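Reading through the structure tokens given below for one structure.
Each chain gets a letter, A, B and so on, in the order its sequence line appears, and its residues count up from 1. Values in this document were obtained by computation on a predicted structure and should not be read as measured data.
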Amino acid sequence: MGIGMLTVTDSMAPPTVSALRGWLKQMTPAGLRYTGKPEMRQGTQTLSNPRGRLAQSLRSILEVVPATALLLDKSNNVIWANGRATLVLGYALDEMTGVPIEAFVVPSPRDSRPISFAGVRGAQSSPQSMTWAAVAHTKSGADLQAQVTMSASLPIGPEPQVVVVIELQNGDATDVPAPGDLQGIPHRTSASELGEMAAALGHEVDQPLTAILSNAQAAQRFLAQTPPAIGDLSELLAEVIADSARAHAIIRRMRQAARGETTGTTPIAVGSLVHDVIRLLRRETQACGATVCARIEDGLPQLRGDVVQLQQVLVNLLLNALDAVHDCRAEHRRIRVAVRATEDRSKVCLAVSDQGPGVEGDRLAALFTPFVTSKPQGLGLGLTISRTIVMAHGGQLWAEHNADRGLTFHIELPVHSRS
Amino acid sequence: MTENPPRPLVFVLDDDEHVRNALCRVLRSGGYTVQDYGCASAFMQGADLTSAPACLLLDLQLPDFSGIELQRRLDGIVPIVFISAQGGMNTAVEAMKAGATDFLTKPVDAAVLIEVTAGALARAQRLFAQRLHRAEVQRRIDSLTPREREVMALIVRGRLNKLVADELGAAEKTVKIHRARVMEKMKVTSLAELVHLLVASGLDMPGLRP
């Protein structure tokens, strides 16, 4: 599943939303773009056919997905395909509509399971998605190795629909990366998105630069005194060095995001990763009237992985938690982040707990299903992506009910990465 | 009235430890006594805002309060200099309207910081002196009897003793005695001095303002 989306909530201040959205886009592998609020939100209850509107908005969302996507009706005929599908498969949209999906995608000899387009709609109450290795036929007669993911069914529109996403396996410029691939994530950035991100990160850089300037000037002033006051100077200089490294790290991150690079596999201090993300989301936290407190065990073992991607996972979990407690009473607008190592120190466990209303017992697993969301403005892909990233790091991401109220999302990451 | 004034204080409130330390060092290098806090609630609980002239250097984005919210709660007790990482003009305007002494953008030049702090502390000294003065005048007023207070309220409006006596239904001679006691207790030698004392204290006195 090379598609994904992080949810940006509309309760945030507009400049923050746009900055954050721009930032998240940078960080989202083959990010499914959020192009606007689903219309249902704007007219609240006044729309005569909100389901039809949402179906329409599904198409506009799929249109901007940097992946090949088709919609099927209940007889498995193509009813719509996005621009990328017409590009990859070589057919015009009207050449595809009404044609059975089997004309475009057949099972790969590599995958013994039969492709069952009907299977995914078996249990309507619990939407599911399935992925097969497959061969995609293009109009020019070429057969492309692909991975086909079907998600059924978005509970919108007059009739249930199936979304088919075709990911080409290799060699194509329009390819999207296979799950687990940390490198080579395709990248599209407009100048304005870069500007937004630069503003958000620039704000972060101001802090260490302020400290460096003030410390250096204070040192000058202490030394100019007679006799020179040098009592505090070594501590002062240690802070200058630390802040210069801090500024450097932010700028490096900005440069990497601007180039669309991922950071690759580097050592990661989980504690500072968590603190960074909490600080980054401070304004969102404040806007929600919530508090986020972190309990981070001392002496955690270092992880190895892609710090930008893991940051993205944490941003997503925290924004979800803020969303969850948004309408709660003040005493429940509390989010806890706990980080500890397992006893044998082979894994680091992160837990993000909210005191929100939670979900019904059997909905817990569905949280991770693509396109399943409880949020009017969400696309239901944040957790899917987060889990993909965590799994690419050899770890696990799952949710549990809290004993009292709310949910806890657990991440377990191995201390020694696969590489 | 101005016995040895206590040493002025600069409070620094910023959640970034290194920024806070650095700002404190600059201020100490300028000879100021500094107290620093990492969050608004610690400041609200721990800082003594009234026993000495004090000003506050306040980071606009705190983890627990917005700077503007804290400014509203402090209600002008201490002059506030805002320090902001992003030069948000709207916030600056809002803060200045609400009475901020100054608004600095990070990074802050040491010379500017010291100059602005000196300005804020000068204002703090005036506020502090005014508070002391008001407390002193209040003490003197409290030492008056109810009758003396009535007499004072009338004479500061310019009423002659005879009219005061008529109004209060007392003998003019008695009013004269009350009047002398008021002047003595308020530690003034003339009516003009008494009026000036009361106006300068900023206290709300019945009869002082029409």
Which one, B:V108, B:L23, B:V19, leads in non-hydrogen pairs under 4.5 Å with chain A?
-> B:V19
Parallel, tilted or perpendicular: rings of B:F43 and B:F11 (30°, 60°) = perpendicular
Carboxylate-amine/guanidinium contact B:K106 B:D59, below 4.0 Å = yes
Kindly list each side-chain donor-acceptor pair under 3.5 angstrom involving residues 218-232 of chain A, sequence neighbours excluded, with atom names and distances?
| unit_1 | atom_1 | unit_2 | atom_2 | d |
| --- | --- | --- | --- | --- |
| A:R221 | NE | B:S29 | OG | 2.7 |
| A:Q225 | NE2 | B:S29 | O | 3.3 |
| A:D232 | OD2 | B:R25 | NE | 2.4 |

Using side-chain contact (heavy atoms from CB on, under 4.5 Å) as the criterion, list what pairs up with B:T33, not counting sequence neighbours.
-> B:R7, B:L9
Which of B:D14, B:L113, B:I114 touches chain A most, by non-hydrogen pairs under 4.5 Å = B:I114
Considering only heavy atoms, which portion of A:L236 lies under 4.5 Å from any heavy atom of chain B: side chain, backbone, both, or neither?
-> both
